[in-house]
Amino acid sequence: MIYVAIDGDDVGRKLASSYLANRVENLKATKDLIDLKTRQISELLLSLGYDVLFCAADGVTGALKEDQIDTLSLYQKVALIGGDDISFSIGVGNSLRESYVALLYAKSTGKARVCNFSSIGKDV
């Protein structure tokens, strides 16, 4: 089983900006955008055979009954969904924990990328 954890990059900053600038319409537009993008990512995962385990806020988590996946292809499809509006980071692993750790690694090493748990700490 392969797990993927997908999370929007810098969404908290976008929301904080709306709050601090007291821009209600900006906050609503950001919420609508995030809802749309995560729903589209969820639909993508379903179309690829994943079970969607979580889809809320700016994150989506899925599981696939496979031994391996084409992580680059998955990232490219998610990046297309995000477009110029929002970037996403992806963590991939053989368990929920591994996918989450890989996601944290992806976010802490540059964001807008995919990281496989098995390659953490290795020069690829």
message: Checking Lys77 now: which residues fulfil salt bridge (Lys or Arg N to Asp or Glu O under 4.0 Å) with it, not counting sequence neighbours?
response: none
- request: Not counting sequence neighbours, which residues clear side-chain contact (heavy atoms from CB on, under 4.5 Å) with Thr109? List them please.
  value: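 Per chain and number, Thr109 pairs via side-chain contact (heavy atoms from CB on, under 4.5 Å) with Tyr105, Arg113.
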- request: Using side-chain contact (heavy atoms from CB on, under 4.5 Å) as the criterion, list what pairs up with Asp70, not counting sequence neighbours.
  value: Leu72, Ser73
How about [X] and [Y]: do any of their side-chain heavy atoms sit closer than 4.5 Å?
| X | Y | result |
| --- | --- | --- |
| Met1 | Asp67 | no |
| Leu15 | Leu27 | yes |
| Thr30 | Ser18 | yes |

Donor-acceptor contacts under 3.5 Å from residues 41-66 side chains, at least two apart:
| residue | atom | partner | partner atom | Å |
| --- | --- | --- | --- | --- |
| Ser47 | OG | Leu44 | O | 2.7 |

Do [X] and [Y] belong together in a cluster built from hydrophobic side chains that touch within less than 4.5 Å?
| X | Y | result |
| --- | --- | --- |
| Val78 | Val114 | yes |
| Leu74 | Phe117 | no |
| Ile2 | Leu96 | no |
| Tyr75 | Tyr3 | no |
| Ile69 | Ile90 | yes |

task: Verify the neighbour count for atom CG of Asn22: are there more than 12 heavy atoms of other residues, nucleotides or ligands below 6.0 Å?
output: no
- prompt: Should we say atom NZ of Lys28 is surrounded by more than 12 heavy atoms from elsewhere, each under 6.0 Å from it?
  reply: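 No, not enclosed.
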query: Among all residues two or more places apart in sequence or in another chain, which pass the side chain to side chain donor-acceptor pair (under 3.5 Å) test with Ser118?
result: Asn116
task: Tell me, with the steps shown, if Asp10 and Arg13 meet side chain to side chain contact (heavy atoms under 4.5 Å, CB included).
output: CA-CA 5 Å; Asp10 299 321; Arg13 275 197 246 183; 3.1 Å; yes
Closest non-hydrogen atom pair between Ile81 and Gln40, with its separation: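 Of all heavy-atom pairs spanning Ile81 and Gln40, the closest is CG2-OE1, 3.4 Å.
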message: For Arg39, is there an ion pair with Asp35 - N to carboxylate O distance below 4.0 angstrom?
response: no
task: For side chain to side chain contact (heavy atoms under 4.5 Å, CB included), just list the numbers for Lys37 and Phe88, CA-CA rounded to whole Å, side-chain angles, deciding distance to a tenth of an Å, and then say yes or no.
output: CA-CA 10 Å; Lys37 299 299 183 175; Phe88 289 88; 3.9 Å; yes
query: How would you list all residue pairs meeting side chain to side chain donor-acceptor pair (under 3.5 Å) that involve residues 86-103, not counting sequence neighbours?
result: Asp9-Ser87, Asp9-Ser89
- request: Determine yes or no for a side-chain-to-main-chain donor-acceptor pair under 3.5 angstrom, with Lys107 supplying the side chain and Ala112 the backbone.
  value: no
task: Give, for atom CG of Asn26 and atom OG of Ser17, the distance between the pair rounded to the nearest 0.5 Å.
output: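 The OG atom of Ser17 is 6.5 Å from CG of Asn26, to the nearest 0.5 Å.
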